[in-house]
Amino acid sequence: MRAILTDDEDLALRYLEKLLRDIGDVDIIGKYYDAEEALEAACTDPPDVIFFDIDMPGISGIEAAERLSERLPATDVVFVTAYEEYAIKAFELNAVDYILKPVEEKRLACTIARLRSSREHKPAVPHHRPAMIRCFQLLEVDVDKPETIPWRTTKAQELFAFLIHYRDQPVRKDVLLDLLWPDVDMKKGYAQLYTAIYQIRKTVDALGIGLRIVNHEKGYRLELNDVRLDIEEWERSVMEANDIGPDNLEHHLALLDMYRGDYLADYDYLWAEGERQRLKTIWLRHAMAVAEWLDRTDKDKELFALYFRALRMFPYSEEVHFALLKLHAKQGDWAAVEKQYADLERMVRSEFGTDVPASIQSWYKEWKTS
């Protein structure tokens with residue numbers, strides 16, 4: 001078993017080396033006082049395991065382990081620390097083990113045995129499977145079928161959603177701290193961030209898909225690679241669709257149905273609201289274009305269904321209310337017109353404190369006298 005050791009204390013480093021040599025079957029290929037140097041060496045000549053002291057100057061052992069998960073996911077990690085409080089954090093990062101200082105030979109021998117067992121049973125790296133990330137209504141991954149991603153924490157889930165939101169763009173770590181851990185001490189906040197990133201990477205690896213989170217200067221960048229995104233495919237399909245006609249009406253109706261709910265609607269993410277409204281507006285513009293064709297071809301049954309669906313999504317849309325008014329009038333349903341106008345009048349007064357727009361009032365008066 002090939003190992004790299006890191007500790008900023010020379011005596012601790014030499015003592016750990018001596019104990020490992022006494023236990024045997026461990027080839028120490030490098031010793032470093034700096035975790036960053038250890039990472040660089042590992043990338044050049046990958047070890048089977050790195051022993052990280054957690055509390056080090058420069059980058060901590062926790063940050064180093066998070067970076068290692070991106071660069072060398074097959075390399076195991078063992079934390080060595082003087083503080084028992086780090087034990088929980090070690091296992092959140094899925095380290096094989098943690099050892100408290102001063103290190104005891106018997107305890108270290110158990111760790112080596114655990115490492116051997118872990119490596120013997122480590123599964124082969126799977127080929128990436130075709131996948132789609134779904135963001136309409138809720139966050140799901142669709143490999144064989146749509147499934148909710150099993151996040152260990154709500155913070156990891158929101159972090160993943162935020163990186164999807166800014167896919168292929170670098171996101172600074174300080175931005176993520178302000179968003180997710182605004183009231184946490186900076187040192188603890190960074191530890192929480194590194195843990196969440198590590199958890200996301202492990203979750204994605206377990207799914208066997210090509211999505212990657214890479215370190216980018218002072219932040220991260222999510223790369224979709226060959227993973228599809230439902231909101232991207234839907235918007236592109238809407239924009240590229242041919243003009244509506246009898247030959248492609250079903251295609252346009254299917255595009256409306258693909259919008260199965262607002263963007264990340266099941267989560268209270270304020271940062272998603274702008275994109276949520278933008279996608280809803282695209283849907284409404286497309287729906288009204290389909291409605292115009294249905295109206296011209298007297299497909300009133302389908303038109304009613306579409307308008308009522310639009311009204312559920314946009315209850316404060318004067319445009320949709322007015323369209324329903326005119327459709328009821330076209331059907332000669334006087335009672336429905338009166339009710340629809342009354343509903344519109346109540347809505348604008350309660351929500352906006354105004355009257356029905358003058359253009360709609362004028363139409364309504366003209367209709368009543370016709």
Side-chain angles (χ1 to χ4, degrees), residues 130-148 161 164-165 167 224 227-269 272-331 333 336-337 339-341 343-344 347-348 351 357 360:
M132 175 183 283
I133 301 294
R134 299 188 181 275
C135 298
F136 283 128
Q137 192 66 33
L138 74 166
L139 190 61
E140 293 180 317
V141 62
D142 187 345
V143 180
D144 300 315
K145 60 181 180 179
E147 294 182 274
T148 303
I164 287 285
H165 186 77
R167 55 199 173 277
L224 286 174
V227 176
R228 297 149 57 209
L229 192 61
D230 64 343
I231 54 173
E232 282 188 345
E233 294 201 353
W234 174 78
E235 183 176 357
R236 183 169 57 249
S237 296
V238 170
M239 297 307 176
E240 294 176 354
N242 294 326
D243 291 342
I244 303 160
D247 295 334
N248 66 2
L249 175 62
E250 291 303 319
H251 174 65
H252 283 274
L253 293 174
L255 287 174
L256 292 175
D257 289 340
M258 281 176 63
Y259 191 103
R260 61 194 182 108
D262 293 339
Y263 176 63
L264 298 176
D266 277 10
Y267 315 101
D268 189 22
Y269 300 154
E273 187 59 29
E275 181 70 350
R276 190 174 296 137
Q277 293 303 320
R278 188 185 73 84
L279 293 171
K280 281 181 70 172
T281 300
I282 291 173
W283 185 91
L284 180 61
R285 297 274 65 82
H286 184 223
M288 297 310 283
V290 173
E292 183 181 348
W293 190 88
L294 292 173
D295 190 29
R296 286 201 314 267
T297 55
D298 295 321
K299 296 184 179 294
D300 291 352
K301 181 180 178 181
E302 295 87 343
L303 190 54
F304 269 120
L306 183 53
Y307 281 152
F308 283 126
R309 180 179 176 186
L311 198 59
R312 286 194 299 272
M313 291 178 61
F314 296 86
Y316 308 129
S317 170
E318 295 167 354
E319 179 184 14
V320 179
H321 278 280
F322 192 22
L324 267 170
L325 275 171
K326 291 187 286 187
L327 183 55
H328 286 310
K330 177 183 175 183
Q331 292 278 308
D333 191 338
V337 174
K339 182 181 183 304
Q340 191 71 44
Y341 189 82
D343 289 346
L344 174 60
M347 184 274 291
V348 296
E351 295 297 326
I360 301 179

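Only heavy atoms go into these numbers, but all of them, side chains included; no hydrogens, no water, no symmetry mates. The structure presented is a predicted model; accordingly, all values stated were derived computationally and were not measured.
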*Asks:* Among residues at least two apart in sequence or on other chains, which ones pass side-chain hydrogen bond (donor to acceptor under 3.5 Å, both in side chains) with E319?
*Replies:* R285
*Asks:* Not counting sequence neighbours, which residues clear side-chain hydrogen bond (donor to acceptor under 3.5 Å, both in side chains) with N248? List them please.
*Replies:*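 For N248 there are no side-chain hydrogen bond (donor to acceptor under 3.5 Å, both in side chains) partners, ignoring immediate neighbours.
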*Asks:* Let's go through E235 and I231 carefully: what are the C-alpha distance in whole Å and the side-chain angles of both, what is the deciding distance for side-chain contact (heavy atoms from CB on, under 4.5 Å) to 0.1 Å, and is it a yes or a no?
*Replies:* CA-CA 6 Å; E235 183 176 357; I231 54 173; over 6 Å; no
*Asks:* Under 3.5 Å, which donor-acceptor pairs do the side chains of residues 239-247 form with other protein atoms, sequence neighbours left out?
*Replies:*
none

*Asks:* Of all residues at least two apart in sequence or in a different chain, which pass the ring-ring contact (aromatic ring centres under 6.0 Å, His included) check with Y316?
*Replies:* none
*Asks:* What pairs with D257 under salt bridge (Lys or Arg N to Asp or Glu O under 4.0 Å), at least two apart in sequence or on another chain?
*Replies:* R309
*Asks:* I'd like to know whether E302 forms a salt bridge (Lys or Arg N to Asp or Glu O under 4.0 Å) with K299, so could you lay out the CA-CA distance, the side-chain angles of the two residues, the decisive distance to 0.1 Å, and finally the verdict.
*Replies:* CA-CA 6 Å; E302 295 87 343; K299 296 184 179 294; 5.2 Å; no
*Asks:* Could you tell me which residues satisfy salt bridge (Lys or Arg N to Asp or Glu O under 4.0 Å) with K330, sequence neighbours excluded, listed by chain and number?
*Replies:* D295, D298, D300
*Asks:* Return the set of residues passing salt bridge (Lys or Arg N to Asp or Glu O under 4.0 Å) with R296 (not counting sequence neighbours), or none when no residue passes.
*Replies:*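 Partners of R296 by the salt bridge (Lys or Arg N to Asp or Glu O under 4.0 Å) criterion, ordered by chain and then number, come out as E292.
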*Asks:* Could you list the residues that satisfy side-chain hydrogen bond (donor to acceptor under 3.5 Å, both in side chains) with Y341, not counting sequence neighbours?
*Replies:* none
*Asks:* List for me each residue that meets ring-ring contact (aromatic ring centres under 6.0 Å, His included) alongside Y263, sequence neighbours excluded, and say none if there are none.
*Replies:* H165
*Asks:* Could I get the full list of salt bridge (Lys or Arg N to Asp or Glu O under 4.0 Å) partners for E318, not counting sequence neighbours?
*Replies:*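 If we apply the salt bridge (Lys or Arg N to Asp or Glu O under 4.0 Å) test to E318, skipping adjacent residues, there are no hits.
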*Asks:* Sequence neighbours left out, what passes side-chain hydrogen bond (donor to acceptor under 3.5 Å, both in side chains) with Y307? Give chain and number order.
*Replies:* none
*Asks:* Only counting residues at least two apart or in another chain, list the ones meeting side chain to side chain contact (heavy atoms under 4.5 Å, CB included) with F308.
*Replies:* F304, R312, L324
